[in-house]
S.K.: 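The structure follows.
Computed from a predicted model, the values in this text were never measured in an experiment. Below, read A as the first sequence line, B as the second, and so on, with proteins coming before strands; counting in each chain starts at 1.
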Number of protein chains: 2
Amino acid sequence: MSTPKRSAHKPRRSYHHGNLRRALIDQALATIQAEGVDALTLRSIGARIGVSRSALYRHFADKRALLTAVATEGFAALRQKLVSAWEEGGRDEAAFRAMGAAYVHFAIENPSYYRVMFGGFVDQEARDPELAREAMAAFQALVDALASLQRDSILRSDDTVLMARYVWALVHGMAMLGIDGNLREPGAAEQLVHYAVERLHTGIAVDRTARTSRS
Amino acid sequence: MSTPKRSAHKPRRSYHHGNLRRALIDQALATIQAEGVDALTLRSIGARIGVSRSALYRHFADKRALLTAVATEGFAALRQKLVSAWEEGGRDEAAFRAMGAAYVHFAIENPSYYRVMFGGFVDQEARDPELAREAMAAFQALVDALASLQRDSILRSDDTVLMARYVWALVHGMAMLGIDGNLREPGAAEQLVHYAVERLHTGIAVDRTARTSRS
DNA sequence: ACCTGAACACCGTTCAAGT
DNA sequence: ACCTGAACACCGTTCAAGT
């Protein structure tokens, strides 16, 4: 009747869990990816790790703090994808397009993860400083790429942060449309990204007509 | 000790509530606007209307169905704002800009409302048909405006739905950035919308250089 | 037909107690 | 120092019973 939670031949290594904080974050992410953020309960997450449901409070202030930690790592993962698309792509226009595609694909492949990052589950007002730092770093990756393209006279010399916000809003919006199921037809997401990259470029590229039509 | 829930001089008009479904939606929206979607409980909403916490089940399948109804009305309200900005603006380019600003302002002024509409609280998969209809109608308002501008040769003659998705993603993304607190500096939202409208236009307007450089 | 109120199975969080 | 387990105050939902 009373089934033991741990098999006898592989007992818990010690009374103390090795790195419970790490295990909690990993298990939270796995649950979110597999079943969505609504299915994440402290009870289930504790059971899967083999720990009491209140053990979490030794490492996090509350459930929201755990989600904040997940979101923080999400921004770090996103940033890494963006940076490698940019750098491995050769830091040119094509690399920038790859960056945009990488962003949207990250969101569509990890919808629940993305929703934790942007869905308002974490502190919006006085954000967690670590979360704010990682989110800012991801944004900075975009700013750096734009600044580089501006230096090469490929993009307009507008305020870089303003331009970055414009681009971020666009990819973020496409990602949300994809997550919300508005791009369900096969190829719709790829088609939109492709179109957006073309129209975005025409929009923010240096205006080559200015040389002949003005001054 | 036992304080009565209703004052004696203004008794309940009847055992049956006049239009409980309407009252539930209104109260849910009011609570969402005032305290956010997390604060919305069936108990509190019932208490405010003066009805049992389980009375809701006579009119909605569950709590999610109530939120779906709120989201459905949200899309109707959004559509109305878009259409009046477009029509009262004179159905020209300036009117289209007003439409974009109206969209972002709707979201920023009603963040929790907007989050219910897009935050994944409602059915994403097999969406409620009424919700799908209203969401589609709001999107159609954008498609119609773009088609009109295409007819006037103000915009490129690209696939209108694809172009509409591009524009929708952009305004949706700006709205989400605003809601998530990334545009907190005073004027940041207005500045971004202004910049976006300019760059969007240059991106999707008919390419006037094509006439001289090609064919 | 419409609503109540007790009951049920959950949930996050707290805290004295264990190791 | 770290974790347990009972307790607490909630929550959405169900259902027999009331009007």
S.K.: Tell me: CG of A/Asp38 to P of D/dG12, nearest whole Å?
M.R.: 13 Å
S.K.: Determine the contact category for A/Leu40: base if any of its heavy atoms lies under 4.0 Å from a base atom, sugar-phosphate if only primed atoms, P, OP1 or OP2 are that close, otherwise nothing.
M.R.: sugar-phosphate
S.K.: Looking at A/Ala147 and A/Thr160, what are the two nearest heavy atoms and their distance?
M.R.: N-CG2, 3.9 Å
S.K.: Using Watson-Crick or G-U wobble geometry with both distances under 3.5 Å, which nucleotide pairs with D/dC10?
M.R.: none
S.K.: Rounded to the nearest angstrom, tell me the gap between atom CG in B/Leu20 and atom C1' in C/dT4.
M.R.: 13 Å
S.K.: Whole-Å distance between C/dC3 C1' and B/Ile49 CD1?
M.R.: 13 Å
S.K.: In the strands shown, is C/dT4 matched to any nucleotide by a Watson-Crick or G-U wobble pair with both distances under 3.5 Å, and which?
M.R.: D/dA16
S.K.: Would you kindly compare A/Arg58 and A/Leu42 by the position of their nearest DNA chain C nucleotide and give the one closer to the 5′ end?
M.R.: A/Leu42
S.K.: Between the base of D/dG12 and the side chain of B/Arg43, is there a donor-acceptor distance below 3.5 Å?
M.R.: yes
S.K.: Mapping A/Arg53 and B/Lys63 to their closest nucleotides on DNA chain D, which lands nearer the 5' end?
M.R.: A/Arg53
S.K.: Rounded off to whole Å, could you give me the CD1-to-C1' distance for the A/Ile45 and C/dC10 pair?
M.R.: 17 Å
S.K.: Please work out whether the ring planes of B/Tyr114 and B/His172 are parallel, tilted or perpendicular, with thresholds of 30° and 60°.
M.R.: tilted
S.K.: Measure CG/A/Asn19 against P/D/dC2 and give the value in whole Å, please.
M.R.: 11 Å
S.K.: Can you name the nearest heavy-atom pair linking A/Val161 to A/Phe139, along with the distance?
M.R.: O-CZ, 4.1 Å
S.K.: Grab the CG-C1' distance between B/Leu56 and D/dG12 for me, whole Å please.
M.R.: 10 Å
S.K.: When rounded to the nearest 0.5 angstrom, what is the spacing between CZ in B/Arg43 and CD1 in B/Ile45?
M.R.: 13.5 Å
S.K.: Would you kindly give the CZ-to-P distance between A/Phe60 and D/dC3, to the nearest whole Å?
M.R.: 12 Å
S.K.: Is any N or O donor-acceptor pair between the side chain of A/Thr41 and the base of C/dG12 shorter than 3.5 Å?
M.R.: no
S.K.: Among the candidates D/dT13, C/dG5, C/dT13, find the nucleotide nearest to the side-chain atoms of B/Asp62.
M.R.: D/dT13
S.K.: Counting only side-chain nitrogens and oxygens, does B/His59 get under 4.0 Å of the OP1 or OP2 atom of C/dC2?
M.R.: no
S.K.: Does any donor-acceptor pair link the side chain of A/Ser54 with the base of D/dG5 at a separation under 3.5 Å?
M.R.: yes
S.K.: Hey, is B/Arg115 close enough to B/Asp180 for a salt bridge, meaning N to O under 4.0 Å?
M.R.: yes
S.K.: Could you state the CG-P distance from A/Leu67 to C/dG12, rounded to the nearest angstrom?
M.R.: 10 Å
